[in-house]
Amino acid sequence: VLVLGGIGTGAAAWASWSDAQRDIEEAREVSAVEQSIVDDAVAQVGEIAARIQTQSSAYHEAAALWSESEAAVAQWRAETVAPTPAVPNPGGEVLPGGNEAARALLDSIGASGVQLVFEAGEQNCGYHPAPAGSLALGGCYNSRFRTSLFLAWDAGVGRDAIWPAFVHEAMHWYQWEHYYTMFQAADRLGIGQDAYLPQLEADASCRAVVVHGVPRTAYAASSAPCDVDDWHENWFVEELAALGVPQAAPEVERYEVQAVTRP
Ligand SMILES: [Zn+2]
């Protein structure tokens with residue numbers, strides 16, 4: 001606004017400026033209805049700002065959770081804990097029929113660095129000496145020993161029984177190799193392994209059945225039957241997702257408060 005006063009009449013010029021200012025302010029006056037629309041709009045902007053703040057915090061929290069999980073897995077991959085054999089396998093150092101097929105299966109799933117450890121001590125969490133008159137067989141994959149698969153059986157147990165146990169444990173290795181970041185994320189969310197233990201076991205046996213051709217009946221009487229009719233490649237990941245476990249780093253778009261319109 002430019003108000004010109006007369007030459008040498010500063011007071012008049014000021015008066016004119018004041019009048020003009022008042023005119024403008026009067027022109028700006030709004031009705032109660034208009035004012036409430038303005039107030040609503042201002043409130044809405046405040047609400048959106050608060051939601052943006054909330055979503056932003058949620059995104060950063062989820063991103064930190066995932067990167068911490070990834071860091072834990074990277075650390076795990078960097079270290080190899082060697083088992084300390086304590087009790088020899090009563091069944092010996094060679095699978096009935098030879099170790100070649102087991103080696104080939106491990107190589108085929110990317111487990112070339114994994115060793116079969118024939119061990120009947122407590123590091124083989126799956127083997128427990130059987131009462132007199134019966135035979136024991138048990139294997140274990142313990143992520144603490146990232147590159148070991150434990151297996152033990154009593155003399156007299158045949159390959160038909162040992163092979164399914166071996167493949168089941170190899171599938172546990174596969175789970176940690178592929179899903180460990182999710183397990184770490186679950187743990188950080190307070191979702192312990194107990195929450196998905198039945199799925200973990202079923203997935204190991206079903207992967208052995210569907211992908212590696214182990215007869216389903218081989219696990220029927222075991223502690224880990226393949227009792228999932230519709231098992232498929234992503235089945236276990238879907239089970240984890242249903243429990244609220246993230247599968248990947250969060251996507252920032254999913255935390256946006258307002259959809260972004262792109263041409
Ligand atoms: Zn198992």
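Being a predicted model, the structure only gives us computed values, none of them experimental. Order of listing sets the numbers, starting from 1, for every ligand and every atom in it.
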I'd like to know if the Zn ion (ligand 1) has an N/O/S atom from E169 within less than 2.8 Å of it, counting both backbone and side-chain atoms. no
Please verify the inter-ring angle class for W76 with Y180; under 30° counts as parallel, over 60° as perpendicular, anything in between as tilted. perpendicular
Kindly state each residue pair satisfying salt bridge (Lys or Arg N to Asp or Glu O under 4.0 Å) with at least one member in residues 106-119, sequence neighbours excluded. R103-D107
With sequence neighbours left out, which residue pairs that include part of residues 206-216 fulfil the salt bridge (Lys or Arg N to Asp or Glu O under 4.0 Å) condition? R207-E233
Given the side-chain rings of F118 and W153, with only the six-membered ring counted for Trp, is the space between their centroids under 6.0 Å? yes
For the Zn ion (ligand 1), the closest N/O/S atom belonging to E201: OE1
Starting from the Zn ion (ligand 1), look over the N/O/S atoms of H168 and name the nearest one. NE2
